[in-house]
Amino acid sequence: MSAHLSREPEVLTVGRVEVALKRSASRRTLGLQVRDGVASAHAPPQMSRELIVRFLESKRDWLEKHVRQQQAQQPHVREWQDGDLVPFLGETLTLRLVAATRVEQRGNELFVPVTDTASQLKKWTRKAALQPFTELVQEYATGLGVSGRLGRVAVSDTRTRWGSCTAHGDIRLHWALSRAPLEVLHYVALHEAAHLLELNHSPRYWAHVKRLMPGHAAQRRWLKENGHTLLG
């Protein structure tokens with residue numbers, strides 16, 4: 001027997017937010033979450049609606065804030081047009097949509113197939129960014145004195161992380177960082193290279209980052225507030 005009691009959850013309105021109420025026999029407590037800009041409450045079957053509404057009302061400010069923030073940061077698939085400007089590693093390339101099968105850069109112009117443009121552009125960016133990303137990570141690993149611990153550098157395409165570093169020293173940076181201001185890209189490269197010293201975010205770890213980039217907090221803030229604009 002399924003633990004879910006109803007197919008369609010009841011929708012409760014709290015301030016300016018709609019909350020999907022989901023009851024389940026497996027629940028023992030009331031839970032609240034916001035994911036991808038959508039709010040939901042999870043409750044045991046016997047909990048009264050009045051109690052749930054009262055709890056949600058007490059969380060109104062929290063709900064409205066998180067729903068608003070997450071909705072604003074949802075990536076949008078961009079409809080690229082001929083002549084659009086594409087940031088790439090501190091430069092600006094002019095997009096040219098052409099009847100072709102592959103992407104080709106000629107000076108400051110980027111010739112991209114008119115069909116499946118976004119996918120083709122991402123594919124080209126991942127390939128073109130690999131060497132510059134690798135050299136940047138190597139530079140910071142050397143500056144930190146841990147170049148010998150650095151493994152493979154790769155370009156990633158995940159929605160949840162701008163970079164990662166494994167226990168084996170392999171580092172990945174997101175392709176969309178190629179569209180960020182150079183100082184932001186440098187910050188993420190340093191952020192991951194510092195994990196070669198400390199695979200955590202302890203005070204000692206941040207001391208290593210601060211040693212090479214005293215103003216790193218501004219780059220962290222830019223990425224948190226504007227990172228979603230790079231994806232598209």
Side-chain angles (χ1 to χ4, degrees), residues 16 34-38 64-140 152-165 170-193 213 215-232:
R16 291 171 291 180
V34 178
R35 180 175 297 173
D36 296 330
V38 179
E64 291 183 343
K65 175 184 175 181
H66 283 74
V67 168
R68 182 173 61 251
Q69 288 179 342
Q70 291 187 21
Q71 287 181 346
Q73 295 178 0
Q74 288 298 302
H76 300 285
V77 178
R78 180 170 177 176
E79 294 293 333
W80 291 98
Q81 304 294 327
D82 188 78
D84 281 349
L85 301 180
V86 183
F88 183 70
L89 300 177
E91 298 183 358
T92 301
L93 305 178
T94 300
L95 191 68
R96 298 301 181 195
L97 300 184
V98 294
T101 58
R102 65 186 180 88
V103 180
E104 182 180 355
Q105 182 181 359
R106 302 176 197 165
N108 288 327
E109 291 187 311
L110 197 60
F111 295 82
V112 183
V114 68
T115 57
D116 203 18
T117 302
S119 177
Q120 291 280 359
L121 183 56
K122 181 192 296 188
K123 181 179 179 181
W124 175 85
T125 303
R126 292 188 66 173
K127 183 177 181 180
L130 177 58
Q131 183 175 344
F133 281 10
T134 301
E135 293 174 353
L136 188 57
V137 171
Q138 289 172 339
E139 177 183 336
Y140 280 116
R152 175 173 169 265
V153 178
V155 181
S156 68
D157 183 20
T158 65
R159 284 191 57 185
T160 56
R161 307 181 75 177
W162 291 111
S164 63
C165 179
D170 295 332
I171 287 178
R172 298 171 68 88
L173 300 181
H174 198 288
W175 66 267
L177 289 168
S178 66
R179 298 178 180 173
L182 280 179
E183 56 269 24
V184 174
L185 168 61
H186 279 242
Y187 160 68
V188 180
L190 171 58
H191 182 109
E192 300 308 330
M213 190 177 292
H216 67 86
Q219 316 315 328
R220 289 183 66 197
R221 184 165 56 252
W222 188 97
L223 199 55
K224 181 177 181 180
E225 296 175 354
N226 303 285
H228 64 285
T229 65
L230 306 176
L231 302 165

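Considering all non-hydrogen atoms of both residues, V114 and T117 come closest at O-OG1, 3.2 Å. Between Q219 and V184, the shortest heavy-atom contact is OE1-CG2, 3.6 Å. When all heavy atoms of W162 and V188 are compared, the pair lying nearest together is O-CG1, 3.9 Å. Annotation for Q120 and T115: closest pair CG-O, 4.1 Å, computed over non-hydrogen atoms. Minimum heavy-atom separation, A180 to W222: CB-CZ3, 4.3 Å. Scanning both residues, W80 and L85, for their nearest heavy atoms gives CZ3-O, 4.0 Å.
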message: Applying side chain to side chain contact (heavy atoms under 4.5 Å, CB included) to N108 and E91, what does each step give before you reach the verdict?
response: CA-CA 8 Å; N108 288 327; E91 298 183 358; 4.2 Å; yes
task: Under the side chain to side chain contact (heavy atoms under 4.5 Å, CB included) rule, what do V112 and R96 come out as? Steps first, then yes or no, please.
output: CA-CA 6 Å; V112 183; R96 298 301 181 195; over 6 Å; no
- request: Walk me through it: do T125 and V155 pass the test side chain to side chain contact (heavy atoms under 4.5 Å, CB included)?
  value: CA-CA 9 Å; T125 303; V155 181; over 6 Å; no
Intermediate values then yes/no, side chain to side chain contact (heavy atoms under 4.5 Å, CB included), L89 and L185: CA-CA 8 Å; L89 300 177; L185 168 61; 3.7 Å; yes
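Taking the side chain as every heavy atom from C-beta outward, L177 and L223 approach each other to under 4.5 Å. Annotation: side chain of L173 is not in contact with side chain of S156 (no heavy-atom distance under 4.5 Å).
Looking at E64, its side chain does come within 3.5 Å of a backbone N or O of R16 through a donor-acceptor pair. A donor-acceptor pair under 3.5 Å is formed between the side chain of Q105 and the backbone N or O of G107. The closest donor-acceptor contact from the side chain of R126 to the backbone of W175 lies at 3.5 Å or more, if one exists at all. With T92 contributing its side chain and F88 its backbone, the two residues share no donor-acceptor pair below 3.5 Å.
Expressed to the nearest 0.5 Å, how far CD of E79 lies from CG of D84 amounts to 10.5 Å. Distance check: D157 CG to K123 NZ gives 13.5 Å after rounding to the nearest 0.5 Å. Here L130 contributes atom CG and F133 contributes atom CZ; the two are 9.0 Å apart, rounded to the nearest 0.5 Å. Interatomic distance, E183 CD to L190 CG, rounded to the nearest 0.5 Å: 13.5 Å. The distance from atom CG of L110 to atom CD of E104, rounded to the nearest 0.5 Å, is 9.5 Å. Taking OG from S164 and CD1 from I171, the interatomic distance works out to 8.5 Å, rounded to the nearest 0.5 Å.
Using modelled atom types and a 3.5 Å distance limit, the side chains of Y140 and H186 yield a donor-acceptor pair.
Using cut-offs of 30° and 60° on the angle between ring planes, the pair Y187 and H216 is parallel.
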